[in-house]
Amino acid sequence: MQPKAARNIPIEALRLVAVAGIAVFHTFQWTFQAACVGAVEYAPLAMSPYSGVLGFINLLGCWANEVFFMISGYFLIASAARAWDGGATWKSQMQRTAQRLGKVILPTAFYCLMALAWSTVVSPIPDVSLHAHYWYTLGLEFIWVYAATVFMAPLFGLAKSRLSKRSYTAAVIVVGILAFVVNGYLAAMSATSAGEFSWLQKSMSATTYVVAFLIGGLLRDITDVMDSDRAGALGMRSLAAVLVLTTILEGELSFTGNLTAMAALSYKSTSLISFVLAATSLLFAATRRSASDNPRAAGVIVTLSTATLGFYVMQSLTSSLWRPVFNTLLANILVSQNSPAVICIVTGTVISIVFALTLLTIDAARSLIARKPKRQ
């Protein structure tokens, strides 16, 4: 058995930043929507510059999801292609894929069973029961789409191995362009037809995740062939440029009060802005020095980053418990404080990060306990 490759610490750190992003996004998700529709109690957040901050936060959900898929594509497609080039068989590829899927499906099943047991025996969790299906199907859509994409990784690796580099790159870029053309069309049609096409937008979210996976593989090609100094400069400049342009855009929409456009630009995982921001974030992380001068900090980063999946599942399964509490807290701040918008945003951000760290720690402990019998 080959030893495991050393973890790339900047990329693992990016996973944790993405976890924080998805946590903050979910905390403010309904708050942002209420501000966009003009709810009176959320009026302080609808004003500039606070609406611009909320608009940027609303990009984080899509951004984080795309980051997770791109990171997986960055490693898995190259790994599958190398295996095919080395004479791997379908059997060996499927065995490796089954091992990866086990790391996705088994923890998910564990948390689903724990949620069901808690809801049945201890205290009811709304919508979690034997008679309901949404909580473990579409409620965990991200997990199942991720599992399906991981399953397809050997096929993508085979295409990369058999096609010329130019042909494979062109094919991925064309697929990506077509996906976002469709995303843009559906967004425009949905805006003029009272959301009639929203279900198609949700379907395109899954397609966009797969595109993100493929783009992650292309980013690996870039970082593998470029000089490290040149790649590092490209990563830093690309991320800085996209951040500046995104900030200007959100600021302009906030200043003009165009919250409808702000919401449309960040719809689920069909947001082109979030997609480009995710790609440049990965390029930046992948071009940093992979080793760490602080082994203890690196160990903490790796331990917590491997708990990303558990965080996603736990947050989704318990959303009917924590979301009303967070929403009520933020709403109370808006009607009772002297500087409600600032305090609301800071408080929401802090509780999101604390909540995310709590869930990451729980899953890291679960993983440690699960590994003990194997070590023995």
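Treat the numbers as computed from the prediction; the structure is a model and nothing was measured. Positions are given from 1 along the sequence.
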- Query: Do the rings of F69 and Y209 sit parallel, tilted or perpendicular, given the 30° and 60° boundaries?
  - Reply: parallel
- Task: Check whether any side-chain N or O of T308 sits under 3.5 Å from a backbone N or O of S305 as a donor-acceptor pair, and report yes or no.
- Result: yes
- Item | Heavy-atom neighbours of R162 CZ exceed 12 at 6.0 Å | yes
- Note on the structure: Interatomic distance, CG@L158 vs CG@D85, rounded to 0.5 Å, equals 9.5 Å
- Give the minimum heavy-atom separation between F28 and T349, together with the two atoms involved. CE1-N, 3.8 Å
- Message: Would a single hydrophobic cluster contain both M114 and V128, if residues Ile, Leu, Val, Met, Phe, Trp and Tyr are joined by side-chain heavy-atom contacts under 4.5 Å?
- Response: yes
- Scan residues 241-261 for pairs that pass side-chain hydrogen bond (donor to acceptor under 3.5 Å, both in side chains), counting only residues two or more places apart or in two chains. S48-S254, S51-S254
- Ignoring hydrogens and angles, tell me if any N or O in the side chain of R288 forms a donor-acceptor pair with the backbone of F284 under 3.5 Å. yes
- Query: Has the side chain of T169 got a donor or acceptor atom that lies under 3.5 Å from a matching backbone atom of R166?
  - Reply: no
- Message: If we ignore hydrogens and angles and just use 3.5 Å, is the side chain of T318 paired with the main-chain N or O of L321 as donor and acceptor?
- Response: no
- Query: Can you tell me if R366 uses its side chain to pair, donor with acceptor, with the backbone of A307 under 3.5 Å?
  - Reply: no
- Message: I'd like to know if F56 and M47 are part of one continuous hydrophobic network [Ile/Leu/Val/Met/Phe/Trp/Tyr, side-chain heavy atoms within less than 4.5 Å].
- Response: no
- Item | For M226 against L234, the heavy-atom pair lying closest together | SD-CD2, 3.8 Å
Side chains of residues 72-80: which donor-acceptor partners sit under 3.5 Å, not counting sequence neighbours?
{"unit_1": "S72", "atom_1": "OG", "unit_2": "F68", "atom_2": "O", "d": "3.3"}
{"unit_1": "S72", "atom_1": "OG", "unit_2": "Y146", "atom_2": "OH", "d": "2.8"}
{"unit_1": "Y74", "atom_1": "OH", "unit_2": "T223", "atom_2": "OG1", "d": "2.8"}
{"unit_1": "S79", "atom_1": "OG", "unit_2": "R96", "atom_2": "NH2", "d": "2.8"}

- Task: Go through the steps to decide whether V67 and W63 satisfy the test side-chain contact (heavy atoms from CB on, under 4.5 Å), and finish with yes or no.
- Result: CA-CA 6 Å; V67 162; W63 169 79; 3.6 Å; yes
- In the single-linkage hydrophobic clustering (I, L, V, M, F, W, Y; side-chain heavy atoms under 4.5 Å), do V244 and L283 co-cluster? no
- Task: Give a yes or no on whether the backbone of Y136 and the side-chain of W144 come within a donor-acceptor separation of less than 3.5 Å.
- Result: yes
- Within-4.5 Å side-chain heavy-atom neighbours: P340 and V335: no
- Using modelled atom types only, decide if a donor and an acceptor are shared between the side chain of S352 and the backbone of T27 within a distance under 3.5 Å. no
- Message: Show the nearest heavy-atom pair for residues W30 and N327, with the distance to one decimal.
- Response: CD1-ND2, 3.6 Å
- Message: Donor-acceptor check, side chain of S119 to backbone of S129, threshold 3.5 angstrom: yes or no?
- Response: no
- So, do L101 and L106 sit near enough that their side-chain heavy atoms are less than 4.5 Å apart? no
- Message: If only side-chain N and O atoms count, and only distance matters, is there a donor-acceptor pair under 3.5 Å linking D363 with Y312?
- Response: no
- Task: Could you pull out the closest heavy-atom pair between F156 and V210, with the gap in Å?
- Result: CZ-CG1, 3.9 Å
- Is T137 reaching over with its side chain to a backbone N or O of H133, donor-acceptor style, under 3.5 angstrom? yes
- Message: Ignoring hydrogens and geometry beyond distance, is a side-chain donor-acceptor pair present between N183 and T208 at under 3.5 Å?
- Response: yes
- Any residue meeting side chain to side chain donor-acceptor pair (under 3.5 Å) with Y168, in chain and number order, not counting sequence neighbours: none
- Item | T108: which of L113, L317, I143 passes side chain to side chain contact (heavy atoms under 4.5 Å, CB included) | I143
- Query: Does I105 belong to the same Ile/Leu/Val/Met/Phe/Trp/Tyr cluster as Y111, with side-chain heavy atoms less than 4.5 Å apart forming each link?
  - Reply: yes
- Give a yes or no on whether V342 and I345 share a hydrophobic cluster (residues Ile, Leu, Val, Met, Phe, Trp, Tyr; joining criterion: side-chain heavy atoms under 4.5 Å apart). yes
- Task: Count the heavy atoms of every other residue, nucleotide or ligand shown that sit under 6.0 Å from CH2 of W322, and state whether that count exceeds 12.
- Result: yes
- Would a distance-only check, ignoring hydrogens and angles, find a side-chain to backbone donor-acceptor pair under 3.5 Å from T306 to T303? yes
- Task: Please report the shortest heavy-atom distance between A279 and L219, naming the atom on each side.
- Result: O-CD1, 3.6 Å
- Note on the structure: Minimal heavy-atom distance between N8 and A285, with the atoms involved, is OD1-O, 4.2 Å
